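Whatever order the structure lists them in is the order used to number ligands and atoms, beginning at 1. Here the structure is a predicted model, which is why all the values come from computation and not from measurement.
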Amino acid sequence: MIYDVAVIGAGMAGASMAAELAPHARVLLLEAEDAPGYHATGRSAAFWEETYGGPGVVPLTLASGTYLQENGFLTPRGALYVGRSEDSAAMDAHVATFAGTGVTIERLSPEALADKVPHIRSEWTEALHQPACADIDVAGLHQHYLGAARRLGVDIACRARVAGITRADGVWTITGERGETWRAAAIVNAAGAWADHIAALAGVRPVGIAPFRRTVAVLRVEPQAPADLPLVLDINGGFYFKPDAGRLWLSPHDEIPSEPCDAAPEEIDVAIAIDRFVAVTDWRIAAVERRWAGLRSFAPDRLPVYGFDPEADGFFWFAGQGGFGIQTAPAAARLGAQVLLGQGADAITARIDPAVYAPDRLKSRAEAISA
Ligand SMILES: Cc1cc2nc3c(=O)[nH]c(=O)nc-3n(C[C@H](O)[C@H](O)[C@H](O)COP(=O)(O)OP(=O)(O)OC[C@H]3O[C@@H](n4cnc5c(N)ncnc54)[C@H](O)[C@@H]3O)c2cc1C
């Protein structure tokens, strides 16, 4: 059998793309691990934050927000970017960066900040409030897409690590590491940290997707973190924390270059996170109960890459979802499917320019550099 599309990788990117393609095409979804969601998708901090990823990502985030809200995947949280008096210019720059993008940012007084974040140290006086920020039910959203894909006839194969890809007569032949073969007219490369590796297997020039490790530690603090604490982010990118089931999820906002791998947290990054946390609050840390790390994968310009490779027929990039691959998933997958199928925009994608995310931009840059 020749599938219309083989999607490689069943994290949030591949699952959502498979579900969006399924009404229009015969789709195969291939996942290397025993179950989908083991890598970045299963390790996220689970927030939807309007400015996260920068202005170029805002259209995808806002367009996804409506879908996530309507389908019950969001729980209001609110976000606060915080700083000290010397960070006033950084606060202004954050507001200016997102002016006119449609996001809501309000300046808060020091008193209002102290009210929203108990135990914040008195020198932290600057705050920007982003009221729309919400928690995302990541597992629910991932299962929503996997379930839709199954119902719509997508064949899903786990323990199916792709090891070879060749193309002849307009058809890709994909070989699994245990010798299985599948055939498809088009490939969607949704392999997260392994996206460049998949391109190389197919003889396609990589676009430069680079994985970076990010760490999260789960703290038990005394007194217990209130459930309505906002997501609190350092305006200078040194930490964020948010409550979850009476605990605090804390990240040092690390971005350590990594090979594609099963990422594990390093003690030093947990220590850095705690060091920064005690500089911003006087909460007593009773225990570090859990920690994990995952890979966030970026293109060189930190925008995602959606579209057909300009140099390889039938090879579609759906990669570089960085730190925003969950919150942008609904609009990204709808857009990706429309571009792949040659369909026009709909209500979700009407305000998104697909050219901004096309892989051509990265290929022409590589040519310019090598010239
Ligand atoms: C600590 C952390 C916090 C984050 N917080 C947030 C957040 O709050 N909000 C947000 O929106 N985003 C967040 N992110 C980012 C988000 O998790 C990612 O952008 C998203 O999960 C990427 O999804 P993906 O499907 O591209 O990658 P993955 O989930 O990594 O999926 C890629 C899949 O491809 C498979 N694969 C690889 N190679 C092969 C092969 N050869 N054959 C078959 N399958 C293969 C892998 O096994 C994997 O399952 C966070 C990430 C981390 C690490």
Side-chain angles (χ1 to χ4, degrees), residues 6-18 28-49 52-53 57 60-61 64-65 68 73 77 79 133-136 138 141-142 145 157-165 174-177 180 182 187-202 209 211-217 231 233 240 242 249-256 258 260-263 265 269 291-298 304-306 317-330 332-333 336:
V7 179
I8 301 176
M12 189 62 81
S16 55
M17 195 52 176
L28 170 68
L29 179 58
L30 296 170
E31 169 53 50
E33 302 292 349
D34 292 352
Y38 179 72
H39 290 288
T41 296
R43 306 178 191 204
S44 91
F47 55 74
W48 181 91
E49 196 278 83
Y52 213 70
V57 176
L60 296 164
T61 302
S64 297
L68 293 168
F73 294 116
R77 162 120 354 255
C133 175
D135 289 340
I136 310 174
V138 178
L141 180 64
H142 193 213
Y145 281 124
C158 291
R159 282 173 232 102
R161 185 178 303 277
V162 171
I165 307 173
I174 302 164
T175 314
E177 66 177 352
E180 323 90 300
W182 304 275
I187 281 176
V188 171
N189 180 6
W194 291 265
D196 268 5
H197 170 70
I198 292 295
L201 284 181
I209 302 291
F212 295 89
R213 193 177 67 237
R214 164 80 34 111
T215 309
V216 179
L231 168 68
L233 307 105
Y240 63 69
K242 71 173 216 179
W249 287 11
L250 168 70
S251 173
H253 221 253
D254 47 339
E255 203 164 283
I256 318 282
S258 170
C261 66
D262 185 358
D269 297 317
R291 63 211 77 193
W292 71 84
L295 299 179
R296 301 153 80 248
S297 300
F298 291 93
V305 189
Y306 314 141
W317 290 88
F318 200 60
Q321 283 82 351
F324 44 80
I326 312 295
Q327 66 175 39
T328 56

**OP:** List every atom of ligand 1 that sits less than 4.0 Å from any heavy atom of Leu295, numbering the atoms from 1 in the order shown and giving each element.
**Re:** 53 (C)
Original post:
Got a salt bridge between Asp254 and Arg296, using NZ or NE/NH1/NH2 to carboxylate O under 4.0 Å?
Top reply: no
**OP:** Please report the closest heavy-atom contact between Glu31 and Pro36, naming both atoms and the distance.
**Re:** CG-CA, 4.1 Å
**OP:** List the closest protein heavy-atom neighbour of atom 31 (O) of ligand 1: residue, atom name, distance to the nearest 0.1 Å.
**Re:** Gly11 CA, 3.5 Å
Original post:
Heavy atoms, side chains only, cut-off 4.5 Å: are Thr61 and Trp48 in contact?
Top reply: yes
Subject >> Closest non-hydrogen atom pair between Ala332 and Tyr306, with its separation >> reply: CB-OH, 3.3 Å
Original post:
What atoms in ligand 1 come closer than 4.0 Å to a heavy atom of Glu33?
Top reply: 47 (O)
**OP:** Check whether any side-chain heavy atom of Leu231 sits under 4.5 Å from a side-chain heavy atom of Tyr240, and report yes or no.
**Re:** yes
Original post:
If you measure from each non-hydrogen atom of Ile198 to ligand 1, which part falls under 4.0 Å: side chain, backbone, both or neither?
Top reply: side chain
Subject >> Among Phe212, Tyr52, Trp48, Phe47, closest by any non-hydrogen atom to atom 8 (O) of ligand 1 >> reply: Phe47
Original post:
Backbone or side chain, does any N or O of Gly37 fall under 3.5 Å from an N or O of ligand 1?
Top reply: no
Subject >> Protein heavy atom at shortest distance from atom 45 (C) of ligand 1 >> reply: Ala32 CB, 3.7 Å
Subject >> Arg214 vs His253 side-chain heavy atoms within contact, under 4.5 Å >> reply: yes
Subject >> Lys242/Asp135 salt bridge by N-O under 4.0 Å criterion >> reply: yes
Original post:
Nearest protein heavy-atom contact for atom 18 (C) of ligand 1: which residue, which atom, what distance?
Top reply: Gly322 O, 3.6 Å
Subject >> atom 12 (N) of ligand 1 [closest protein heavy-atom partner, distance rounded to 0.1 Å] >> reply: Gly323 O, 3.0 Å
Subject >> For atom 3 (C) of ligand 1, the protein heavy atom that lies nearest, with its residue and separation >> reply: Ala45 N, 3.3 Å
Subject >> Check: Arg161 N/O within less than 3.5 Å of ligand 1 N/O >> reply: no
Original post:
Checking side chain to side chain contact (heavy atoms under 4.5 Å, CB included) for the pair Ile209/Phe298: CA distance, chi angles, key distance, verdict?
Top reply: CA-CA 5 Å; Ile209 302 291; Phe298 291 93; over 6 Å; no
Original post:
Is the closest N or O pair between Gly14 and ligand 1 shorter than 3.5 Å?
Top reply: no
Original post:
Mind checking whether Ala193 has a heavy atom under 4.0 Å from ligand 1?
Top reply: no
Subject >> Candidate with minimal heavy-atom separation from atom 41 (N) of ligand 1, of Asp262, Val7, Leu231, Val162 >> reply: Val162
**OP:** Under 4.0 Å from a heavy atom of Arg43: give me the atoms of ligand 1 that qualify, with their elements.
**Re:** 1 (C), 2 (C), 3 (C), 52 (C)
Subject >> Nearest protein heavy atom with distance in Å, relative to atom 48 (C) of ligand 1 >> reply: Glu31 OE1, 3.5 Å
Original post:
Salt-bridged, Arg159 to Glu33, with N to O below 4.0 Å?
Top reply: no
Subject >> Phe324-Tyr52 aromatic ring centre distance below 6.0 Å >> reply: no
Original post:
Out of Ile8, Asn189, Val162, which one pairs with Leu201 under the side chain to side chain contact (heavy atoms under 4.5 Å, CB included) rule?
Top reply: Val162
Original post:
Which atoms from ligand 1 have a heavy atom of Ala160 less than 4.0 Å away?
Top reply: 42 (N), 43 (C)
Subject >> For Ser44, the ligand 1 atoms whose distance to one of its heavy atoms is below 4.0 Å >> reply: 2 (C), 3 (C), 4 (C), 5 (N), 6 (C), 13 (C), 14 (N), 17 (O), 50 (C)
**OP:** Measure Gln327 to ligand 1 on non-hydrogen atoms and call it side chain, backbone, both or neither using the 4.0 Å cut-off.
**Re:** both
Subject >> Gly294 N/O under 3.5 Å from ligand 1 N/O >> reply: no
Subject >> Close N or O approach (Ala10, ligand 1; < 3.5 Å) >> reply: no
Original post:
Counting both backbone and side chain atoms, is some N or O of Ile8 under 3.5 Å from an N or O of ligand 1?
Top reply: no
Original post:
What protein heavy atom is closest to atom 27 (O) of ligand 1, reported as residue, atom name and distance in Å?
Top reply: Gly192 CA, 3.8 Å
Original post:
Which atoms of ligand 1 have any heavy atom of Val216 under 4.0 Å away?
Top reply: 1 (C)
Original post:
Taking the non-hydrogen atoms of Pro260, is any one of them nearer than 4.0 angstrom to ligand 1?
Top reply: no
Subject >> Numbering as shown, the atoms of ligand 1 that approach Ala190 to under 4.0 Å (heavy-atom distance) >> reply: 32 (C), 34 (O)
Subject >> Atom indices of ligand 1, in the order listed, that fall short of 4.0 Å to a heavy atom of Thr41 >> reply: 21 (O), 23 (O), 25 (O), 28 (P), 29 (O)
Original post:
What do you reckon, does Ala46 have a nitrogen or oxygen under 3.5 Å from a nitrogen or oxygen of ligand 1?
Top reply: yes
Original post:
Taking the side chain as C-beta and beyond, is there a heavy-atom pair between Gln327 and Leu60 under 4.5 Å?
Top reply: no
**OP:** Output yes when Arg213 and Asp269 qualify as a salt bridge under the 4.0 Å nitrogen-oxygen rule, no when they do not.
**Re:** yes
